[in-house]
Amino acid sequence: MTDRFSFDLKATDGKARTGVINTPRGEVRTPAFMPVGTAATVKAMMPESVRATGADILLGNTYHLMLRPTAERIDRLGGLHKFMNWKRPILTDSGGFQVMSLAGLRKLTEKGVTFKSHIDGSKHELTPERSMEIQRLLGSDIVMCFDECPALPSDRDRIAESMRLSMRWAERSRDAFGDRPGHALFGIMQGGLEPDLREESAEALKQIGFEGYAVGGLAVGEGQEAMFSCLDYAPEFLPKDKPRYLMGVGKPDDIVGAVARGIDMMDCVLPSRSGRTGQVFTRYSVVNIKNARHADDPRPLDEHCTCPACSNYSRAYLHHVFRSNEMISGMLLTWHNLHYFQEIMQGMREAISKGTFAQWQAQFHAQREQGDI
Ligand SMILES: NCc1cc(CSc2ccccc2)c2nc(N)[nH]c(=O)c2c1
């Protein structure tokens, strides 16, 4: 164990990298997929089940937790790790993105954002300083800078103005974060799909200095092709010796494409949210368990998968409990999806270590062309 935060880059294969993030609460193997635990729970999962899927770290949400049950109450109860019974690392987002996508009556100024809670309409303010305080009260191991993520498409001037505001907020986040050994503050690169603005943002963040760097402002409606075009150059603007985190991404092929372009960490609600809506990710395709074709099918979702859903239940059963709106449906399908996402990450870590990432990527895509078994 360590009392410091550090990143060891173990191997590269082309632009793909594999390594380990060392934190006082344990190691995070990269490339890493981070399940989202928005309101202090990965929905439909016990923490020990999340760990059993292979997750080393999970995400918490400043926006949701500041509204309910509040960061001060979680702090009084011993912090988020104790509160949600997750002893390993937690990364929390800074809240700005969720304010812009969820809250009402938002007012954005140089100081920060004021808004009304989507829960009870109460008024709140988030600034870089308040976001750092909330994330400190939660006790998260990796803290994200307070930033503004412009919706795409936006005109270039709007994107430039928003990025430069986020860079001023990054400086204020750094100052407010203070000296917290064993904890990390990650900067967030913005700049839309504009190479020069992305480079300007990266340079500004490197001047300030962070323990890790995120690529923000992608997967906001631009589509996979445009996202990959940006990832063809943006990660290279960031320091090689620090973790690179692509925020809020994505589908399995998004994740593989991002790792191939030099990304180390990703998060997405997709596997858990889809698990609750009957959308199942397998190595061959996406299966909608609601479809009548599964009603009499005695086979597992994926005969190669070792998760509890695939080891112990038929498609017919999973179809039945989904149609019957039984709780076990969300539990089993979420477990399977998270297990499958972690299986992809483990496969990539091994392939990059062996220098066979290109072959692994080719097989990943070839299997998906086969379609459902
Ligand atoms: N992919 C869109 C996206 C998603 C998130 C949210 S990622 C997340 C969600 C829940 C918990 C932790 C992290 C973002 N967060 C920030 N701060 N900045 C962005 O540009 C951005 C873009």
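All ligand and atom numbering here is 1-based and tracks the order in the structure. These numbers come from the heavy atoms of this one structure, side chains and all, not from hydrogens, waters or symmetry mates. All figures in this text were calculated on a predicted structure; none of them were measured in a lab.
If you check which protein heavy atom lies closest to atom 10 (C) of ligand 1, you get N61 ND2, 3.2 Å. The nearest heavy-atom contact from the protein to atom 15 (N) of ligand 1 is D93 OD2, 2.9 Å. At the top of the distance list for atom 7 (S) of ligand 1, counting protein heavy atoms only, stands D267 OD1, 3.7 Å. Scanning the protein heavy atoms around atom 11 (C) of ligand 1, the nearest turns out to be G60 O, 3.5 Å. Of the protein's heavy atoms, L218 O, 3.2 Å lies nearest to atom 2 (C) of ligand 1. In terms of protein heavy atoms, atom 20 (O) of ligand 1 is closest to G217 N, 2.8 Å. Of all protein heavy atoms, the one closest to atom 21 (C) of ligand 1 is F97 CD1, 3.6 Å. At the shortest separation from atom 18 (N) of ligand 1 among protein heavy atoms lies D147 OD2, 2.8 Å.
In this structure the side chain of P271 reaches within 4.5 angstrom of the side chain of F33, judged on heavy atoms. Under the 4.5 Å side-chain criterion, counting only non-hydrogen atoms from C-beta, M345 is in contact with R349.
Comment: E129 engages R172 in a salt bridge, judged by a side-chain N to carboxylate O separation of less than 4.0 angstrom.
Residue-ligand proximity, I188 to ligand 1, at heavy-atom distances under 4.0 Å covers atoms 17 (N). Proximity to S94 (heavy-atom distance under 4.0 Å) selects the following atoms of ligand 1: 17 (N). For ligand 1, the atoms lying closer than 4.0 Å to a non-hydrogen atom of Q98 are 6 (C), 9 (C), 10 (C). Near V220, with a cut-off below 4.0 Å to any heavy atom, the atoms of ligand 1 are 2 (C). Near C149, meaning under 4.0 Å from any of its heavy atoms, are these atoms of ligand 1: 19 (C), 20 (O). Every atom of ligand 1 with a heavy atom of A219 under 4.0 Å away is listed here by number and element: 1 (N), 2 (C).
Assignment of Y245 to the shell around ligand 1 is supported, since a heavy atom sits closer than 4.0 Å. Distances shorter than 4.0 angstrom do not occur between any heavy atom of M34 and any atom of ligand 1. By the 4.0 Å heavy-atom criterion, M247 is counted among the residues contacting ligand 1.
In this structure, R261 forms a cation-pi arrangement with F228, its terminal cationic atom sitting closer than 6.0 Å to the ring centre and no more than 45° off the ring axis. Note that R180 lies in the cation-pi zone of F177, set by a 6.0 Å cut-off to the ring centre and a 45° limit from the axis.
For the 3.5 Å distance criterion, the side chains of D93 and Q135 fail to qualify, holding no donor opposite an acceptor. Between the side chains of S140 and T92, at least one donor-acceptor pair of N or O atoms lies under 3.5 Å. With 3.5 Å as the limit, one finds a donor-acceptor pair spanning the side chains of D141 and H81. With 3.5 Å as the limit, one finds a donor-acceptor pair spanning the side chains of H118 and Y63.
Contacts of Q190 with ligand 1, taken as heavy-atom pairs under 4.0 Å, involve the side chain alone.
Partners of R73 by side chain to side chain contact (heavy atoms under 4.5 Å, CB included), not counting sequence neighbours, listed by chain and number: P69, T70, R76, L77. Evaluation of the side chain to side chain contact (heavy atoms under 4.5 Å, CB included) rule for Y340 yields P252, F281, R283, H336, E343, I344, F364, R368 as partners, not counting sequence neighbours.
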